[in-house]
There are 2 protein chains.
Amino acid sequence: MANDRQEPDSSKAPTSADVARRAGVSQTTVSQVLNGKAGITRISADTRQKVLDAAANLGYTPNHAARSLRERRTKLIALVMPTIGNPYFSDVVHAAQEVARDAGYSVAVIPMRAAGDLRTSALLQGAACDGIIATGHDNCSSPDLLALKARGLAVVVVQEPSPDPAISSISVDLEEGGYIATRHLIRQGHRRVCHITERLRALPDAESRLGGYRRALAEAGLPFDPELVFVTENSMEGGAAAVDRLLELAQNSPTAAFVYNDRLAVGALARLRERGVNVPGEFSLVGFDGLAIGAFTAPALTTIDSPREAIGRLAAETLIKAIEDGYQTGQTHRLPVRLVVRGSCGGQPAP
Amino acid sequence: MANDRQEPDSSKAPTSADVARRAGVSQTTVSQVLNGKAGITRISADTRQKVLDAAANLGYTPNHAARSLRERRTKLIALVMPTIGNPYFSDVVHAAQEVARDAGYSVAVIPMRAAGDLRTSALLQGAACDGIIATGHDNCSSPDLLALKARGLAVVVVQEPSPDPAISSISVDLEEGGYIATRHLIRQGHRRVCHITERLRALPDAESRLGGYRRALAEAGLPFDPELVFVTENSMEGGAAAVDRLLELAQNSPTAAFVYNDRLAVGALARLRERGVNVPGEFSLVGFDGLAIGAFTAPALTTIDSPREAIGRLAAETLIKAIEDGYQTGQTHRLPVRLVVRGSCGGQPAP
DNA sequence: ATGAAAGCGCTAACAG
DNA sequence: CTGTTAGCGCTTTCAT
């Protein structure tokens, strides 16, 4: 050995031809040994071992591009989300990843802030992945998503209505969640229950939190008052701002709120505290999602827990089935939710 | 047209050969038109337009695998993180993504829970990406990361010490942060300041929060008491558990804590409240990271703000330079932090 | 200004 | 049981 130093980065990665040469066999044999479905008794134990040794010595790793090109599949799933850093989707992703791994797929999360990102991300274009799990309103409703599907990618959407009958969607039962949350507040004696929400969408009642909210109201014989629906930005600041607005309602001001998600609820809770409104004494709150933070707020947050792992698992299973079957069934899964009672809503407030 | 229905998923994606045929030119010309560096006056305006039209009509997208195989580069950067759903890294990722996009790269986030994931993720193996930005202790210190580098991938680590002199690292000045945080508490009159931290690492003082904590103590002539370092799980629950332990200290119990990060601090804050300890009246707290949630806790959290965007930007810039230059410089960037004073630490507590 | 041909690394017919 | 050959879709010399 003239020089044991590691070569610089230029140490070209070994190819299967290198392995073949070193093992004294053909490239085919290398391929067979390394990928051969077990039981294809094609290779002698001796040859097999030689190949394995050579591959190990060389530190051989199959070139992904070459394999993908040849096999016309990548074993890669893209998970598109509006932003990373959302604890809700963290659990979804983890579950999806586990299912994917067991099926031999890897998962890459593609953060999508800008609208055009679906068109520009290298992983989504040119068959760089086999399928897409899409989350977030903008991504799921984008025509670009349909274009990707039209190019042969399998697509599943999560927590959004399916943009195309052939695309499967996995989500929790938002309507039921809204119903349970609102009913819980009404049962505590509240008569004026408001709803704090982000952007209002044109969804059928049966598919939205708002629909459930209205159903609970109707069931209790309470009127639906559009003035009690506060639309705000989807952030903690947004939740706080909504509280400011609802506290301005001089008369008939609400005594409770069903809040779109826990993030908004955390902001609302903070602002109520700042404004000296006692929760749950004077005002009650129910959130949505079941985030961990809800157990650490003051008071802890009553919320609608969403089966995040189940969502991720189902999304991955559905997607992988679509990939491997070569066609999409366009089924809709709607998962049940669960009320988690904590400190943010008490009994009947002072009238 | 016999049938206008979209073909099923089997509508094979058009290739550059298809475009060439349709435009009545050669594949070479198609490639030149579509990728040709501007100014290579090789193609006539007429031909150029024909190709562009044909490509548009066919909805042509270059096949990623084929291009990567041929060019020996993917224009893809992998961002490895222990878990998605961390708001801290969310900002880092966003900034990195922006830089990457401007340089013609896409970013894929690879969640890495299990230790072996670095070896099994398809995106990291077989030159499926050009470089890796790694975060999280386990990933950055893994021998697998070095193996990937040895195979020619560019690597940058974030918020972790560089595992190899050739690997660049970008991080905030943790020591300075620990110093500023602790000094702030001492200046408020606290004499018994504890430190709540996740796993204790064997780092030089100059590179850790703990080092800064000790420096501030020493500067104020206060003894360093190992009993006042509470090691706990890195979660809100962990922060709460640490509070339980520190409140057990019958005598000489601390009146303030410098906490490893905001997540732990949120948990600590919640438990202090539950236990009836007034913050900041009886106990003060400084966190680390500058997460948004800190502005919505009760009281709001004093913290050390970290320049997350700068980190992401620098990480991407450094990585891309390494990719394009073909070698790594192994520089260390250490970014300054900033104290954000909010409600969780007041003046001198009752003695 | 354009085209023909080669080859990136891999797998799968098809021979033997 | 193993090797030869072709070709996935692309870019790029090298001719013309």
Side-chain angles (χ1 to χ4, degrees), chain A residues 10 12-52 54-55 58-75 122 125-128 130 151-152, chain B residues 10 12-37 39-52 54-55 58-76 122 125-128 130 151-152:
Chain A
S10 55
K12 243 174 106 285
T15 72
S16 73
D18 295 332
V19 176
R21 208 168 305 124
R22 173 139 185 172
V25 301
S26 77
Q27 227 184 344
T28 307
T29 302
V30 172
S31 177
Q32 288 294 341
V33 170
L34 266 30
N35 319 326
K37 338 290 167 205
I40 303 244
T41 56
R42 212 198 116 132
I43 306 293
S44 77
D46 182 42
T47 305
R48 186 185 158 68
Q49 196 54 51
K50 273 193 303 195
V51 171
L52 257 24
L58 259 32
Y60 170 70
T61 315
N63 180 286
H64 183 256
R67 178 178 276 178
S68 302
L69 179 56
R70 175 66 226 225
E71 304 242 279
R72 302 158 155 294
R73 57 137 198 70
T74 62
K75 288 278 183 182
Q125 296 299 329
D130 295 337
R151 262 188 226 139
Chain B
S10 56
K12 243 174 109 289
T15 73
S16 72
D18 295 332
V19 177
R21 206 168 306 124
R22 173 139 185 172
V25 300
S26 77
Q27 225 183 347
T28 310
T29 301
V30 172
S31 178
Q32 289 294 342
V33 169
L34 266 30
N35 318 326
K37 336 290 167 202
I40 302 244
T41 57
R42 212 199 115 132
I43 306 294
S44 77
D46 182 42
T47 306
R48 187 184 156 67
Q49 197 53 51
K50 273 192 305 195
V51 171
L52 257 24
L58 258 33
Y60 170 69
T61 313
N63 180 285
H64 183 256
R67 176 176 278 178
S68 301
L69 180 56
R70 173 68 224 222
E71 305 238 282
R72 301 160 156 295
R73 55 135 201 70
T74 62
K75 288 280 184 179
L76 209 58
Q125 296 299 328
D130 294 336
R151 260 184 229 144

So which protein N/O to nucleotides 2-5 of chain D N/O distances come out below 3.5 Å?
unit_1 : atom_1 : unit_2 : atom_2 : d
dT2(D) : OP1    : S44(A) : OG     : 3.4
dT2(D) : OP1    : T47(A) : OG1    : 2.5
dT2(D) : OP2    : S44(A) : N      : 2.8
dT2(D) : OP2    : T47(A) : OG1    : 3.3
dT2(D) : O4     : R42(A) : NH1    : 3.4
dT2(D) : O4     : R42(A) : NH2    : 3.4
dG3(D) : OP2    : S26(A) : N      : 2.9
dG3(D) : OP2    : S26(A) : OG     : 3.2
dG3(D) : OP2    : T29(A) : OG1    : 2.8
dG3(D) : N7     : R42(A) : NH2    : 3.4
dG3(D) : O6     : R42(A) : NH2    : 3.4
dT4(D) : O4     : T28(A) : OG1    : 2.7

Axis-to-axis angle between the two ends of the helix from dA1(C)-dT16(D) to dG16(C)-dC1(D) (five base pairs per end, rounded to 10 degrees): 40°
Integer-rounded Å distance: dC1(D) P and Q32(A) CD: 12 Å
Distance in angstrom units between Q125(B) CD and dG9(C) P, rounded: 17 Å
N/O (side chain, R70(B)) to phosphate O (OP1/OP2, dA6(C)) under 4.0 Å: no
Flag, side chain of S68(A) to backbone of H64(A), donor-acceptor distance under 3.5 Å: yes
Pair S26(B), T29(B): side-chain N/O donor-acceptor within cut-off below 3.5 Å: yes
Inter-residue atom distance S16(A).OG - R21(A).CZ, 0.5 Å rounding: 9.5 Å
Heavy atoms of other groups near R48(A) CZ, more than 12 under 6.0 Å: no
From OH (Y60(B)) to CZ (R151(A)), nearest 0.5 Å: 11.0 Å
Candidates L58(B), N63(B), T61(B) - the one meeting side chain to side chain contact (heavy atoms under 4.5 Å, CB included) with P14(B): L58(B)
Touch class at under 4.0 angstrom, heavy-atom based, for S31(B) against every strand present: base
Backbone N/O of Q32(A) and side chain of N35(A): donor-acceptor pair under 3.5 Å: no
Contact under 4.0 Å: N63(A) side-chain N or O vs dC8(C) OP1/OP2: no
side-chain hydrogen bond (donor to acceptor under 3.5 Å, both in side chains) between S44(A) and T47(A), worked out: CA-CA 5 Å; S44(A) 77; T47(A) 305; 2.8 Å; yes
Length of the line joining L69(B):CG and dG9(C):P, which is rounded to integer Å: 7 Å
Nearest-angstrom distance from the residue atom CG of D18(A) to P of dG9(C): 8 Å
Whole angstrom value for the distance that separates C1' of dC10(C) from NZ of K75(A): 16 Å
D130(B) (side chain) donor-acceptor with R73(B) (main chain) under 3.5 angstrom: no
Phosphate OP1/OP2 of dT11(C): any R67(A) side-chain N/O under 4.0 Å: yes
Whole-Å distance separating the CZ atom of R72(B) from the C1' atom of dC8(C): 6 Å
Interatomic distance where CD belongs to Q49(B) and C1' belongs to dA1(C) [whole Å]: 17 Å
N35(B) CG - dT13(D) P separation (whole Å): 13 Å
